[in-house]
S.K.: 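After the structure tokens below, expect a handful of questions from me.
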Amino acid sequence: MLDIQFIRENPEEVAQKTKQKGYEVNVHELLRFDEERRELLGAIEAVRAKRNDNAAKMKNGKPAPELIEQGKAIKAELAELEERFAVVDEAFAELLMAVPNMPLADVPVGLTEDENQIAKTVGDPTAFDFEPKQHWELAEPRGLIDKERAAKIAGSRFAYLKGDIVRLQFAIVQFVMQTLGDEQIIEKLVKENGLNITAKPFTPILPPAMLRTEPYVASARLNAEEVTYKIEQDDLWLNASAEHTLCTMYWNEILPEEQLPIRYLGYSTSFRREAGTYGKDAEGIFRMHQFDKLEMEVFSTPETGLDEHLLLVAIQEYLLRQLGIPYRVVQKCTADIGKPNARGIDMDAWLPGQNAYRETHTADYMTDYQARDLKIRTRRKDGSIVLVHTNDATAFALGRTMIAIMENCQTADGHVIIPEVLRPFMGGKSEI
RNA sequence: GGAAGGGUGUCCGAGCGGUUUAAGGAAACGGUCUUGAAAACCGUCGUGCCGGCAACGGUACCGUGGGUUCGAAUCCCACCCCUUCCGCCA
């Protein structure tokens, strides 16, 4: 949620930016509830003080009957106030939760994704002296992807991946783990981008793939049940990204400042119901109910949050360049960055088979919006306590990355040249 | 899944419904002593919210949510988690 103090002090700005993000919240009504709520809270606390006082008088020995009578009256008075408070508080909380994070100044204002801006394009679309195929045309005939049998067992949008494509996935995982664990590479990227943050490498992490409702809601990442799988029996949800189980990891904790930034490289299977996407990307493995993903997650001080975000974007670009995949960087507009986001970047990889750029990466900067609900704070060296800033970003969505490799590195006879950097993890193999 | 025992502050650990304003210890920080350090001694030492420029005051929080009571860490109910034993299992 957004800082109520900030909303009190900047109601017009909050109303305007809320609108820019495509959200409808009556800020003035919110502030009226806020005021009423505080008034009632003051009254309640005064009555409670009276109650505590009254009870204290009865500490020693036999309670006087008139004190008990007084206590009963106080109890009734308190109950009446608390009832009124509960109503106001609920209305207040509902409005407050509806307020999105404020976009940073450089986020383009726009109400649909058409107003996203292409920040830059890197590499030319791969040239072929033959008609490039779509990834499933390459993979299915060779038995690398079997969707028919998967449909028999689990339904549509599932697949069996087999053979060299599986080796490729784990080669990518190894490559990314090695790259993000290399302090020199991080340092180089920090310097190149003029960032004022450490070169601390990323720690690989395998998170749970499920989480409970309470932390999920607090993460501001729980989408409607149309999008996310729910395990009713156990009050658990299947995560739609490792970022969901990573950002919630320090829920309700105060981290010593020396520990920051905490940089994780998470690997997790992600699950999405993809309701309402019937027919869209039906072929191949572009849009699946289940896919594996490498996700970066960073907890930092407020001062370094933006630089951490820029580092994550730089890493995404570096990884794509290492694989030799042409891509473009998209600065998402106010309506497209998402409710908890202050800034959001997408990366679209060039897919020759589709003759189009398609989204393969996202980088999200939440400032303290997500941390406020998750109650993740840091204790500074001077003893003060502040909310951390959170960042998440895709390292590689493995399915889509393999699509990009297959389509960009395909040969006329339907094989795939393995990018140089992956070969050490493919047993030296240069083609599959 | 069955049985038993537990969840108290950064950690350990007390806590017969009303001297709990949560004992005591450890760690940490500040100080005295010391050439310096250790030891010893003295002091400080949870989080949120409301009010206040501030010192401070009020209030809530002892796994979570409800209930009983004039009064709940303490009693009752439900749920979550942890430990041990048994069963099952990669």
Side-chain angles (χ1 to χ4, degrees), chain A residues 1-9 30-97 99 206-219 222 230-237 245 248-260 262 269 299 302 368-388:
Chain A
M1 68 175 102
L2 200 64
D3 184 10
I4 183 64
Q5 196 68 42
F6 180 82
I7 302 175
R8 282 174 199 150
E9 285 162 13
L30 168 64
L31 290 178
R32 272 203 304 279
F33 280 126
D34 175 44
E35 212 167 300
E36 196 181 343
R37 184 183 170 280
R38 276 190 288 169
E39 253 168 54
L40 281 168
L41 192 61
I44 284 173
E45 289 188 354
V47 176
R48 279 179 185 158
K50 212 160 62 175
R51 177 193 64 188
N52 292 345
D53 230 41
N54 191 256
K57 284 182 196 156
M58 287 182 261
K59 265 176 193 168
N60 311 313
K62 56 276 161 198
E66 62 267 28
L67 283 179
I68 289 178
E69 280 316 304
Q70 238 174 74
K72 282 184 178 172
I74 292 170
K75 193 182 183 175
E77 190 186 356
L78 189 58
E80 192 264 337
L81 280 169
E82 280 176 343
E83 207 170 304
R84 280 167 58 198
F85 177 81
V87 174
V88 175
D89 188 49
E90 199 190 326
F92 167 74
E94 198 177 312
L95 280 172
L96 180 58
M97 297 293 276
V99 179
L206 292 173
M210 300 185 197
L211 66 164
R212 298 218 190 98
T213 303
E214 199 186 348
Y216 213 163
V217 168
S219 77
L222 179 56
K230 171 123 204 238
I231 314 282
E232 286 292 348
Q233 212 178 352
D234 291 297
D235 181 35
L236 285 169
W237 302 76
T245 37
T248 46
M249 191 174 164
Y250 296 108
W251 184 35
N252 266 320
E253 292 192 36
I254 298 174
L255 307 164
E257 190 175 6
E258 307 87 78
Q259 280 182 20
L260 302 180
I262 294 172
T269 302
F299 303 88
D368 63 5
Y369 187 93
Q370 193 175 43
R372 183 166 293 106
D373 262 2
L374 284 169
K375 297 189 180 72
I376 305 176
R377 293 150 289 169
T378 182
R379 191 186 309 277
R380 314 208 105 147
K381 282 158 198 140
D382 68 7
S384 64
I385 287 170
V386 287
L387 292 164
V388 301

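Predicted, not measured: the structure shown is a model, and the values here were computed from it.
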S.K.: Would you classify A:Lys75 as touching base, sugar-phosphate or nothing, given that sugar-phosphate means primed atoms plus P, OP1 and OP2, and contacts are heavy atoms under 4.0 Å?
M.R.: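 Answer is base: heavy atoms of A:Lys75 come under 4.0 Å of a base.
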S.K.: Among B:C70, B:U59, B:C50, find the nucleotide with the atom closest to the side chain of A:Ile68.
M.R.: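 Given the options B:C70, B:U59, B:C50, the side chain of A:Ile68 is closest to B:C70.
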S.K.: Pick the C1' atom in B:G6 and in B:G58, then give their distance to the nearest Å.
M.R.: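 Those two atoms are separated by 35 Å.
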S.K.: For nucleotides B:A39 and B:A27, find the distance between their P atoms and express it as a whole number of Å.
M.R.: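 It works out to 8 Å between them.
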S.K.: Can you check the distance between B:U59 and B:A4, where both ends of the measurement are the P atom (answer in whole Å)?
M.R.: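 Nearest-Å result for B:U59 against B:A4 at atom P: 42 Å.
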S.K.: For A:Asp53 and for A:Ile254, find the nucleotide of RNA chain B with the closest heavy atom, then tell me which residue's nucleotide is more 5'.
M.R.: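 Counting from the 5' end, the first nearest nucleotide belongs to A:Ile254.
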S.K.: Nearest whole Å is fine: how far is B:G71 C1' from A:Glu77 CD?
M.R.: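 In whole Å, B:G71 C1' lies 16 Å from A:Glu77 CD.
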S.K.: Nearest nucleotide by nearest heavy atom, which residue falls closer to the 5' end of RNA chain B, A:Gln70 or A:Ile385?
M.R.: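 Looking at RNA chain B, the more 5' nearest nucleotide goes with A:Ile385.
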S.K.: Give the rounded distance in Å between these two atoms: CD of A:Gln5 and C1' of B:G48.
M.R.: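 The distance from CD of A:Gln5 to C1' of B:G48 comes to 14 Å, rounded to the nearest Å.
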S.K.: Taking atom P in both B:G13 and B:C81, compute the distance separating them and give it to the nearest angstrom.
M.R.: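 These two P atoms come out 22 Å apart once rounded.
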S.K.: Test A:Ile74 against every option in A:Asp53, A:Asn52, A:Asn54 by the side-chain contact (heavy atoms from CB on, under 4.5 Å) rule and name the one that passes.
M.R.: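 Between A:Ile74 and the candidates, side-chain contact (heavy atoms from CB on, under 4.5 Å) is satisfied uniquely by A:Asn54.
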S.K.: More than 12 heavy atoms of other residues, nucleotides or ligands under 6.0 Å from CD of A:Glu90: yes or no?
M.R.: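 No - once you tally the heavy atoms of other residues, nucleotides and ligands closer than 6.0 Å, there are 12 at most.
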S.K.: Has A:Gln5 got more than 12 heavy atoms of other residues, nucleotides or ligands less than 6.0 Å from its CD?
M.R.: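 Atom CD in A:Gln5 is crowded, with more than 12 foreign heavy atoms closer than 6.0 Å.
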S.K.: Let me confirm one number: the CZ-CD1 distance from A:Arg379 to A:Ile385, rounded to the nearest 0.5 Å.
M.R.: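 Spacing of CZ (A:Arg379) from CD1 (A:Ile385) equals 4.0 Å.
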S.K.: Could you let me know what B:A54 is paired to, Watson-Crick or G-U wobble, both distances under 3.5 Å, or none if it's on its own?
M.R.: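 With both distances under 3.5 Å required, B:A54 matches none.
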S.K.: Using whole Å, what does the distance between atom C1' of nucleotide B:G71 and atom CG of A:Asn54 come to?
M.R.: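 Nearest whole value for this atom pair: 9 Å.
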S.K.: Has A:Arg379 got a side-chain N or O lying under 4.0 Å from the OP1 or OP2 atom of B:G46?
M.R.: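 For A:Arg379, the contact criterion (side-chain N or O under 4.0 Å from OP1 or OP2 of B:G46) is not met.
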S.K.: Rounded to the nearest Å, what distance is computed from the CZ atom of residue A:Arg38 to the C1' atom of nucleotide B:C50?
M.R.: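 It is 8 Å, rounded to the nearest whole Å.
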S.K.: Contact class for A:Arg372 vs. all strands (heavy atom < 4.0 Å): base, sugar-phosphate, or nothing?
M.R.: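 Touches nothing.
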S.K.: Quote, to the nearest angstrom, the P distance that separates B:G67 from B:G46.
M.R.: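 Each nucleotide's P atom is 31 Å from the other's.
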S.K.: Between B:C75 and B:G15, how far apart are the C1' atoms? Round to whole Å, please.
M.R.: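 My reading of the C1' atoms in B:G15 and B:C75 gives 15 Å.
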S.K.: Looking at B:U47, which nucleotide sits across from it as a Watson-Crick or G-U wobble partner, both distances under 3.5 angstrom, or is there none?
M.R.: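 Base partner found: B:A60.
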S.K.: Now, which nucleotide makes the Watson-Crick or G-U wobble pair with B:G36, with each of the two distances under 3.5 Å?
M.R.: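 Its partner: none found.
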S.K.: What integer distance in Å separates A:Glu214:CD from B:G63:C1'?
M.R.: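 After rounding, the reported distance stands at 11 Å.
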S.K.: Atom CD of A:Glu45 to atom P of B:G51: distance rounded to whole Å?
M.R.: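 Interatomic distance, CD of A:Glu45 to P of B:G51: 10 Å.
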S.K.: Counting the atoms with a prime plus P, OP1 and OP2 as sugar-phosphate, which does A:Asn52 contact under 4.0 Å by heavy atoms, base, sugar-phosphate, or nothing?
M.R.: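 Touches sugar-phosphate only.
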S.K.: Please tell me if A:Arg8 has a side-chain N or O lying less than 4.0 Å from either OP1 or OP2 of B:C50.
M.R.: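 Yes, within the criterion.
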S.K.: Tell me: CZ of A:Arg380 to C1' of B:U47, nearest whole Å?
M.R.: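 It is 18 Å, rounded to the nearest whole Å.
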S.K.: Between A:Arg8 and A:Arg38, which heavy-atom pair has the shortest distance, and what is it?
M.R.: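 Shortest heavy-atom separation between A:Arg8 and A:Arg38 comes out as NE-NH2, 3.3 Å.
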S.K.: As a test of reading the structure: which of B:U59, B:C49, B:G18 is closest to the side chain of A:Arg48, going by heavy atoms?
M.R.: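 Of B:U59, B:C49, B:G18, B:U59 is nearest to the side chain of A:Arg48.
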S.K.: With both distances under 3.5 angstrom, what nucleotide forms a Watson-Crick or G-U wobble pair with B:G1?
M.R.: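 Per the H-bond distance test, B:C86.
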S.K.: Is there a Watson-Crick or G-U wobble partner for B:G65 with both distances under 3.5 Å, and if so, which one is it?
M.R.: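 Base partner found: B:C77.
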S.K.: Could you measure between the two C1' atoms, the one in B:G18 and the one in B:A55, and give it in whole Å?
M.R.: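 The same atom, C1', in both gives a distance of 32 Å.
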S.K.: When you compare B:C12 with B:G17, how far apart are their P atoms, in angstrom units rounded to a whole number?
M.R.: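 26 Å, rounded to whole Å.
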S.K.: Is there a Watson-Crick or G-U wobble partner for B:A26 with both distances under 3.5 Å, and if so, which one is it?
M.R.: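 Looking at the geometry, B:A26 pairs with B:U10.
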S.K.: Rounded to whole Å, how long is the line connecting atom CZ of A:Arg51 with atom C1' of B:G18?
M.R.: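 My rounded result for the distance is 14 Å.
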S.K.: Side-chain contact test, heavy atoms from C-beta onward, threshold under 4.5 Å: evaluate it for A:Lys375 versus A:Arg377 and give yes or no.
M.R.: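 Yes, close enough: below the 4.5 Å cut-off.
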S.K.: Would you call A:Arg48 and A:Glu82 a salt bridge, taking side-chain N to carboxylate O under 4.0 Å as the test?
M.R.: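 Yes, A:Arg48 and A:Glu82 are salt-bridged.
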